[in-house]
**Q** 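Would you mind keeping the following structure in view while I ask a few things?
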Amino acid sequence: MVGFRVALQTTTTVDWPLHHEHAWDLPPRDAAAVQGRLAGQLVESPLPTSIDAVAGVDVSVCSGRVRAAIVVLAPDGSRVLDHAVWEGDVCYPYVPGLLSFREIPAVIPALERLSVRPQVVLCDGHGRAHPRRFGLACHLGLLLDLPCFGVAKTRLVGTHDGPGRLRGSRSPLLDGDELLGTVVRTRTGVKPVFVSVGHRVTLGDAIDLTLALAPRYRLPEPTRLAHHVSRSGRLPGPG
DNA sequence: GCGACAG
DNA sequence: ATCTTGTCGC
């Protein structure tokens with residue numbers, strides 16, 4: 001009887017120690033100052049060689065309510081390993097450049113409902129491709145001290161040429177000489193996505209993983225599924 | 001003053 | 001993001 005219990009997955013939730021603390025209800029001026037201070041702590045390094053779970057994060061808003069969704073997949077995107085949702089009141093307005101202050105307070109409680117711990121997190125938004133080089137993916141990655149990067153659907157800052165029409169084509173996202181990220185075509189003939197580093201990952205690894213996780217759709221599976229869950233409340237498909 | 005502006 | 005109908009193409 002004991003041996004049977006031990007063989008099962010006994011973990012019901014994942015513990016998420018936060019690696020820094022600061023107020024979230026800050027006026028825009030102060031929030032921007034926090035971003036500028038934390039940006040100096042970001043680390044750019046290769047992804048771990050052993051990855052068995054990747055997570056996608058997304059947040060949707062409806063009638064003053066915010067719903068955060070996390071979907072955890074196998075590293076090749078083949079299987080859904082876990083998912084979680086958290087809903088609450090909207091407590092911060094949308095301000096370009098301050099998206100993390102609106103979304104992270106909802107993402108954290110959703111993450112705490114997971115029973116599988118991901119080694120990498122994909123965000124629906126930018127990382128370093130941000131006015132102060134501290135987008136949502138940077139903030140979440142640093143807070144969790146976990147590899148994290150952004151895959152955004154539209155540009156926030158920077159300039160770029162149009163990448164080739166074929167899937168896999170890419171073009172640098174620049175601010176003068178500074179490389180902010182890469183515009184990546186995940187589907188032939190379809191509008192590209194904007195990949196940028198968040199924390200503890202290299203741009204090359206982020207691009208490779210993005211393409212590996214987006215074999216069929218424009219958005220990588222983790223983010224695409226998280227988006228579906230945040231809007232509908234459940235995973236797509238039969239069931 | 002005017003245009004831009006992740007989700 | 002959200003508000004909304006039909007439509008073109010694989």
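Letters go in sequence order (proteins before strands), and every chain restarts at 1.
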**Q** Tell me if the CZ atom of Arg65(A) is crowded by more than 12 foreign heavy atoms within 6.0 Å.
**A** yes
**Q** For His227(A), report the nucleic acid contact type (base, sugar-phosphate, nothing); a contact means any heavy atom under 4.0 Å.
**A** sugar-phosphate
**Q** So, does Asp124(A) use its side chain to make a donor-acceptor pair with the main chain of Thr223(A) at under 3.5 Å?
**A** no
**Q** For Arg102(A) and dG7(B), what is the distance between atoms CZ and C1' respectively, to the nearest whole Å?
**A** 8 Å
**Q** Can you check ring pair (Phe, Tyr, Trp, His ring centres under 6.0 Å) on His20(A) and His139(A), steps first, answer last?
**A** CA-CA 10 Å; His20(A) 67 251; His139(A) 206 154; 5.6 Å; yes
**Q** Round to a whole Å and report the spacing from CG of Leu156(A) to P of dA1(C).
**A** 15 Å
**Q** Would you mind classifying the nucleic acid contact of Arg231(A) as base, sugar-phosphate or nothing, using non-hydrogen atoms under 4.0 angstrom?
**A** sugar-phosphate
**Q** Return the value, rounded to whole Å, for the distance between atom CG of Asp58(A) and atom C1' of dT2(C).
**A**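 Computing the Asp58(A):CG to dT2(C):C1' distance gives 13 Å.
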**Q** Please step through ring pair (Phe, Tyr, Trp, His ring centres under 6.0 Å) for the pair Phe101(A) and His22(A), ending with a clear verdict.
**A** CA-CA 11 Å; Phe101(A) 284 81; His22(A) 66 71; 5.6 Å; yes
**Q** Under 5.5 Å between ring centres and under 30° between planes: true for Tyr94(A) and the base of dG7(B)?
**A**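 Yes; by the centre-distance and plane-angle rule, Tyr94(A) counts as stacking on dG7(B).
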**Q** May I ask you to verify if any side-chain N or O of Arg155(A) is less than 4.0 angstrom from the OP1 or OP2 atom of dC5(B)?
**A** yes
**Q** Of the listed nucleotides (dG7(B), dA4(B), dA6(B)), which one gets closest to any side-chain atom of His126(A)?
**A** dA6(B)
**Q** Specify the separation, in whole Å, of atom NE2 of His160(A) and atom P of dA6(B).
**A** 13 Å
**Q** When clusters are formed by joining ILVMFWY residues with side-chain heavy atoms under 4.5 Å apart, either directly or through shared neighbours, do Trp16(A) and Val54(A) land in the same one?
**A** no
**Q** Is the phosphate of dA6(B), meaning OP1 or OP2, less than 4.0 Å from a side-chain N or O of Lys153(A)?
**A**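 Checking Lys153(A) against dA6(B): no side-chain N or O falls below 4.0 Å of OP1 or OP2.
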**Q** Starting from P on dG7(B), measure out to CZ on Arg67(A) and report it in whole angstrom.
**A** 19 Å
**Q** Report which part of the nucleic acid Gly150(A) touches: base, sugar-phosphate, or nothing (heavy-atom distance under 4.0 Å, all strands).
**A**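 Gly150(A): no heavy atom of the nucleic acid under 4.0 Å.
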**Q** Rounded to whole Å, how long is the line connecting atom CZ of Phe194(A) with atom C1' of dA6(B)?
**A**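 For the pair Phe194(A) CZ and dA6(B) C1', the rounded distance is 10 Å.
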**Q** Counting just side-chain N and O atoms, does Ser60(A) come under 4.0 Å of either OP1 or OP2 of dG7(B)?
**A**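 Checking Ser60(A) against dG7(B): no side-chain N or O falls below 4.0 Å of OP1 or OP2.
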**Q** Rounding to an integer number of Å, can you tell me how far Arg218(A) CZ sits from dA6(B) C1'?
**A** 12 Å
**Q** Could you check how far CG of Leu99(A) sits from P of dA6(B), rounded to whole Å?
**A**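 Those two atoms, CG and P, are 9 Å apart.
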